[in-house]
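Just below is one structure, and these are the notes that go with it.
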Amino acid sequence: MPTATMTPIPNTQYLDVTAIRADFPILRRRIHDVPLVYLDNAATSQKPQSVIDAQTRYYEETNANVHRGVHTLSEEATAQYEGARAKVSNFIGACCPKEVIWTRNATEALNLVAYSWGRANLKRGDRVLLTEMEHHSNLVPWQILSAELSFEIAYVRVADDGTLILDDLPKLLTSRTKLFSFTAMSNVVGTVNPVKELTAAAHKVGAKVLVDGAQSVPHMPVNVQELDIDFMAFSGHKMLGPTGIGALWGRRELLNAMPPFMGGGDMIREVHLSGFKPSELPWKFEAGTPAIAQAIGLGAAVDYLSNVGMEAIHQAERELTAYAMQRLPEVKGLRILGPAAEKRGGLVAFTLEAAHPHDIAAVLDGFGIAIRAGHHCAQPLHERYRIPASARASFYLYNTKEEVDLLVKGLHKVVEMFTF
Ligand code: 7TS
């Protein structure tokens, strides 16, 4: 793939993308002898040097277990670890750090709500409302629990354009509906859902609201108090942070009333042979030695994102997505899934008549372009569109219009290769 002869295209007015790119060492990599074009950010984001350094520094200077020692290292580690929690709490507009429970990722946070809140509050005759565009991690935990407790699961359907069919809400949200759990943004069609509106409708019938923020928290300003939601799950690795760390945010009164999810060290106040008393929030839900370095790394990621500004990141991604949606249809037989650019976040999933998504991804990899192919852990949504898989380009703050051009060029090549 030629890169040197391309005409420069002005990038976004919202971000200094050149300066941002310099902060990400991996973006200097070459793949198959051409510069890496990383367009798989919905799967996981790359990490800036400051996040890598925060973790390395922790291991070099501070490594100790938290909440147990009175020695200096343990005190420092605890301060940094709890400091990261405070940063995340601020970042999402929580009332206080004790409402932020560390988990491994969004998946574990969603499971935490299912197994703790769900098991204590759901019974036969109740309904949990989900949507047809959910990631498997907001489907399977409810399906497992429903097999045990016999509550009903209902789904808000998705229209052809990839938006939720909101006209159905009044019949789906009834006094039997105890929870409405939905994604703030689809990882396939990119639709940004009207969280505030959906939450208000759910609260009207007394249902609690759990938001899957895995694709929204990394890409747009999110304020849990302003949205008025009850729980939110998200992953650190999709927002410039390390793998192995994510969070569940929940309202204090709800979290306080919930039983612990896992038992072990750190989550108890006292243990006797006759039983135990759980610790207070947030530690009640954090059994065992936590992901200390990763939490500190996520704190550094939140610092980075806040310095750049979430609104600027959101606007830049919208601009890049609009540009991609304008250019991609130039490719023969390309069909974009999902709504118009104004209704979506920074990703575009598509199919090609000429080639299977896995072939598309494999050919693009030869040009140094990383995209994802498959059902993206949203198989029901692909079934709804009657396709087994799709190809997806997903953007973040370091992506450029030149990279979109390279994607389009690569796709032309794919069509050429697969048209006989
Ligand atoms: N919810 C949504 C909307 C997601 O997109 C993902 C991951 C998850 C939950 C789960 O996140 P995890 O960090 O717990 O795994 N989505 C994707 C994706 O689109 N490609 O790879 C992972």
Side-chain angles (χ1 to χ4, degrees), residues 38-47 88 92 101-115 130-143 155-156 158 162-164 180-193 195 198 209-220 222 229 231-249 261 291 294-295 297-298 301 317 321 337-338 344-350 357-358 360-361 370-382 384 389-396:
Y38 187 76
L39 302 178
D40 195 16
N41 294 285
T44 199
S45 71
Q46 297 302 347
K47 324 299 172 198
V88 168
I92 57 166
I101 314 293
W102 293 128
T103 60
R104 277 187 305 137
N105 45 38
T107 301
E108 189 175 290
L110 293 162
N111 276 272
L112 198 167
V113 179
Y115 293 113
L130 309 173
T131 85
E132 211 176 4
M133 65 166 72
E134 296 311 310
H135 186 277
H136 295 168
S137 60
N138 195 26
L139 293 170
V140 182
W142 304 109
Q143 292 174 347
Y155 300 94
V156 184
V158 170
T163 58
L164 293 175
F180 186 11
S181 184
F182 57 89
T183 187
M185 177 182 145
S186 163
N187 67 323
V188 178
V189 280
T191 314
V192 175
N193 288 322
V195 176
L198 297 178
V209 171
L210 164 59
V211 168
D212 176 354
Q215 296 296 347
S216 62
V217 174
H219 299 282
M220 58 193 78
V222 171
I229 56 182
F231 299 103
M232 182 172 74
F234 55 102
S235 290
H237 70 94
K238 292 187 201 287
M239 51 191 286
L240 311 185
T243 51
I245 189 77
L248 171 72
W249 167 83
F261 172 43
Q294 291 85 339
L298 180 53
E317 282 182 22
T321 306
L337 300 174
R344 63 162 81 210
L347 63 85
V348 187
F350 56 87
H358 285 118
I360 303 173
I371 63 153
R372 186 162 174 199
H375 54 53
H376 319 297
C377 300
Q379 206 170 356
L381 186 59
H382 283 79
R384 187 248 171 268
S390 59
R392 180 189 68 189
S394 52
F395 310 116
Y396 213 177

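As a basis for the values below, the full set of heavy atoms in this structure was taken, side chains included, without hydrogen atoms, waters or symmetry mates. Each ligand, and each atom within it, is numbered from 1 in the order the structure gives. Numbers for residues simply follow the sequence, beginning at 1.
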For the residue pair H376 and H382, is the inter-centroid distance of their aromatic rings smaller than 6.0 Å?
yes
Please report whether the ring centroid of H219 lies less than 6.0 Å from that of Y396.
yes
Whether Y115 and F261 hold their rings parallel, tilted or perpendicular, with breakpoints at 30° and 60°
parallel
Tested for side-chain contact (heavy atoms from CB on, under 4.5 Å) against V211, the lone hit among F231, F180, F182 is F182
Spacing of Q215 atom CD and M220 atom CE [to the nearest 0.5 Å]:
9.0 Å
Lining ligand 1 at under 4.0 Å, by non-hydrogen atom distance, are residues A42, A43, N105, A106, T107, H135, S137, T183, N187, D212, A214, Q215, S235, H237, K238, R372, R392
Quick one: list whatever passes side-chain hydrogen bond (donor to acceptor under 3.5 Å, both in side chains) with N187, sequence neighbours left out.
none
